[in-house]
Amino acid sequence: MAQFLLETVWLVPCYALIGGLLAVPWSPGIIRKTGPRPAGYVNLVMTFLAFVHSAIALQATWNQPAQEVFIPWLSTAGLDLTIALEISSVSVGALVVIAGLNLLAQIYAIGYMEMDWGWGRFYSLLGLFEAGLCALVLCNNLFFSYVILEVLTLGTYLLVGLWFSQPLVVSGARDAFLTKRVGDLFLLMGVLALWPLAGTWSYPELAKWAATANVNPTTMALVGLALIAGPMGKCAQFPLHLWLDEAMEGPVPSTILRNSVVVASGAWVLIKLEPVLTISPIVSSAMVAIGVVTALGASLIAIAQIDLKRCQSYSVSAYMGLVFIAVGVQQYETALLLVLTHAISAALLVMSTGGIIWNSITQDVTQLGGLWTRRPISAIAFIVGTFGLIGFPPLGSFWALIKLADGLWETQPWLVGVIITVNALTAVSLTREFGLIFGGKATQMSQRSPEAHWPMILPMMILLGVSLHLPLVLQSLSLLPDWATLNKDVVLLLIWSSIFGCSITGVIYLGNIPKPIRLPWQGLQDLIAYDFYTPKLYKITIIFGVAKISQLADMIDRFVVDGIVNFVGLFSLLGGEGLKYSTSGQTQFYALTVLLGVGILGMWVTWQFWGIQFLNLIFQISTLG
């Protein structure tokens, strides 16, 4: 049975796709008598089947060599587009994570969107999202990975814009779509430019080619920079990071997936392309630089935010920055471990605060407080999610961060300092959120804020248990680093950075210190709070430049292109009007006109034969005279 499910595990994306298609009739309201709820239940059943299928297949594929499945699609003019799928422990394990988190998010959505009539559209889009993510982790071809990423970009736009009657939702969906399209455009350039160099888009063949590639360094640097632009957009890395903040206008159940597995889609492609990207030292350095800037900058920005969703979105960008660093320094397994541990902890954090957004008037953390006694389950889940995301032993991210830092201690110790600083800032940010939301006395906005009902609590408790037991699971699968070989100085530095960040912030936000806390220099406070003025920089540079170019193109179109066309039309009109008054209707006049025209045309055609003689004759006459 397990072997059969392993051989057919490539059908797992079809479960979600079928569920999404079956939910479509409820989306536009074709089926009205039952209401939209059956759409959610259909998707829930199909996602459960996908999870069971992939979980059983994972047992059969563990410690087994990777297998490839080829599905012929198009072969013409020397171009062979065959859909290649990889069935390995890593890809099937990713299926389990995606299907499991999607299952929990859909159960959560039953409670969160209880009174929402957009069920059909929402669940059909969740099915599209799950199908795309599952297909992406199985896909073993760069070209089809790009196609799937485009589908996910469209899904992001539609999910963020679910409540399209709200202006902020519409602008948020538009901005998120356009920002990701910038990265996708450069990624397409890189994909197309890589073909004539490598002659293949297959990931295993690209790895073999990269091992012996002899390519012009400048060419490879340009291609590599284009290839990392797509993952930059998906992972919300600077300067393509603003879309994740805008995407928070969507429903919280979709944010659970967006903050956990959707942002990891770009990281997955980045990890698969790691052999190609490391050909150029410039590209590797660029990945490290992007990761460092985003990790440090986003961690600082998260501390100064007051919107609950914005605080978490910048923490996600910071963590994905660490993934970029791991890929840039060629720590492939560490990057995968970072993606896994982050996905579970980030999803748990969103679930723990989603109920607050659901039945509270505001999501401004400065207007909340005192929810520990009213929401103890959510508070415990938030604590576990926080400890799971920072270097706090023995939870998951501790091992991932230790493995990353330990591998850099001897070669690039300054990056260890970056990792420890980001870990401390993340601890400060999440502890600050906990203190403002759950600590202190209840405010008017939080006095009547009880724990959410069971469809939202159940998946949160399941994920809390998974987060607590994740180290045991990783240990049983031999995925944890060997404790005996780790550098104990790095371990102590990471642990102390977590303790320092949590304790100092806990004293400030759980004590009697007056709040809000402000920096001594207001300019620095505003700099961090307003995202280092990145949106304003976009407006005065890119947006302004595009607007001026658009205005210039509009002027050229109206006055040059349209002007020429209008002039020809006007000339034809005036010519026709002139001919109307000069036409007599007599046949001999028409014949004379035709003969004159033919004569003039003949003179022009034969000018090269008799024109020279005519000019010589005139010259001789003038000379004799």
| query | Of all heavy-atom pairs between V92 and S54, which one has the smallest distance, and what is that distance? | reply | CG1-O, 3.5 Å
| What do the steps show when you test D307 against Q363 for side chain to side chain donor-acceptor pair (under 3.5 Å), and what is the final call? | CA-CA 6 Å; D307 184 88; Q363 57 191 47; 3.0 Å; yes
| task | Using atom types as modelled and distance alone, determine if a side-chain donor or acceptor of S352 lies under 3.5 Å from a backbone N or O of L349. | result | yes
| request: Please indicate whether W10 has more than 12 foreign heavy atoms, meaning atoms of other residues, nucleotides or ligands, lying under 6.0 Å from its CH2. | output: no
| said: For F392 and F387, take the angle between the two ring planes, folded into 0 to 90°, and tell me which bin it lands in: parallel under 30, tilted 30 to 60, perpendicular over 60. | reply: parallel
| task | Look at the rings of Y123 and W119 and say which category their plane angle falls in: under 30° parallel, 30 to 60° tilted, over 60° perpendicular. | result | tilted
| task | Report yes if some heavy atom in the side chain of L340 is under 4.5 Å from a heavy atom in the side chain of L474; otherwise report no. | result | yes
| said: Ignoring hydrogens and geometry beyond distance, is a side-chain donor-acceptor pair present between T153 and D184 at under 3.5 Å? | reply: yes
| request: Look only at the side chain of H453 and the backbone of G111, and say whether a donor-acceptor pair between them is shorter than 3.5 Å. | output: yes
| task | Taking all non-hydrogen atoms of both residues into account, name the closest pair between V252 and G354 and its distance. | result | CG1-CA, 3.7 Å
| note | Output for pair (L257 CG, E130 CD), nearest 0.5 Å, gives 8.5 Å
| request: Look up atom CG in L149 and atom CG in L133, then write down how far apart they are to the nearest 0.5 Å. | output: 9.5 Å
| request: Return yes if some donor-acceptor pair links the side-chain N/O of S317 with the main-chain N/O of Q237 below 3.5 Å, else return no. | output: no
| field | Heavy-atom side-chain proximity of P471 to W399 below 4.5 angstrom | value | yes
| request: Output, in order, the C-alpha distance, side-chain angles, deciding distance and verdict of side chain to side chain donor-acceptor pair (under 3.5 Å) for S498 and N423. | output: CA-CA 7 Å; S498 301; N423 181 69; 2.8 Å; yes
| remark: Residues C311 and R432: closest non-hydrogen pair is SG-NH1, 4.0 Å
| request: Ignoring hydrogens and angles, tell me if any N or O in the side chain of S429 forms a donor-acceptor pair with the backbone of L425 under 3.5 Å. | output: no
| task | Apply the side-chain contact (heavy atoms from CB on, under 4.5 Å) test between I98 and each candidate in S265, P13, C134; give the one that qualifies. | result | C134
| Residues W372, I437; criterion side-chain contact (heavy atoms from CB on, under 4.5 Å); working and verdict | CA-CA 8 Å; W372 172 264; I437 297 171; over 6 Å; no
| message | For the CG atom of L277 and the NZ atom of K272, what is their distance to the nearest 0.5 Å? | response | 13.5 Å
| Close side-chain approach of N102 and F51, heavy atoms under 4.5 Å | no
| task | For the pair S467 (side chain) and L464 (backbone), establish whether a donor and an acceptor sit closer than 3.5 Å, ignoring hydrogens and angles. | result | no
| remark: Rounded to the nearest 0.5 angstrom, the OH-CD1 distance for Y314 and I303 is 13.5 Å
| Would you find a donor on one side and an acceptor on the other, under 3.5 Å apart, between the side chain of H53 and the backbone of L49? | no
| task | Step through the shown structure and confirm whether more than 12 heavy atoms of other residues, nucleotides or ligands are within 6.0 Å of CZ on F48. | result | no
| query | Does any non-hydrogen side-chain atom of E86 lie less than 4.5 Å from one of L138? | reply | no
| said: Take a 6.0 Å sphere around OH of Y157 and say whether it holds more than 12 heavy atoms from other residues, nucleotides or ligands. | reply: no
| query | To the nearest 0.5 Å, what is the distance between CZ (F382) and OG1 (T353)? | reply | 7.0 Å
| request: First locate atom CG of L338, then atom CG of L322, and finally report the distance between them rounded to the nearest 0.5 Å. | output: 6.5 Å
| request: Kindly say whether S88 contributes a backbone atom to a donor-acceptor pair with the side chain of S91 at under 3.5 angstrom? | output: yes
| S299: what forms a side chain to side chain donor-acceptor pair (under 3.5 Å) with it, not counting sequence neighbours? | none
| message | Quick one: does any side-chain atom of N141 pair with a main-chain N or O of A84 as donor and acceptor, under 3.5 Å? | response | no
| If you look at every heavy atom in K180 and G233, which pair is closest and at what distance? | CG-O, 4.3 Å
| field | Donor + acceptor pair across side chains of Y319, T426 (<3.5 Å) | value | no
| Do I83 and C139 touch side chain to side chain, with heavy atoms closer than 4.5 Å? | no
| Are any of the side-chain heavy atoms of L152 and V262 separated by less than 4.5 Å? | no
| query | Just by modelled atom types, is the R375 backbone N or O under 3.5 Å from a matching donor or acceptor in the S378 side chain? | reply | no
| Salt bridge between R181 and E150, side-chain N to carboxylate O under 4.0 Å? | yes
| field | Heavy-atom donor-acceptor pair, S476 side chain to V473 backbone, under 3.5 Å | value | yes
| request: Kindly determine whether L227 and V191 satisfy side-chain contact (heavy atoms from CB on, under 4.5 Å), including the steps that lead there. | output: CA-CA 7 Å; L227 290 173; V191 171; 4.3 Å; yes
| query | How about F143 and W201: are their ring centroids closer than 6.0 Å? | reply | yes
| Closest non-hydrogen atom pair between G132 and I148, with its separation | O-CG2, 3.1 Å
| said: Give me the atom names and distance for the closest heavy-atom approach of S315 to A302. | reply: OG-CB, 4.0 Å
| Heavy-atom check, side chain of L404 versus side chain of T334, under 4.5 Å | yes
| query | Does any non-hydrogen side-chain atom of L395 lie less than 4.5 Å from one of L389? | reply | no
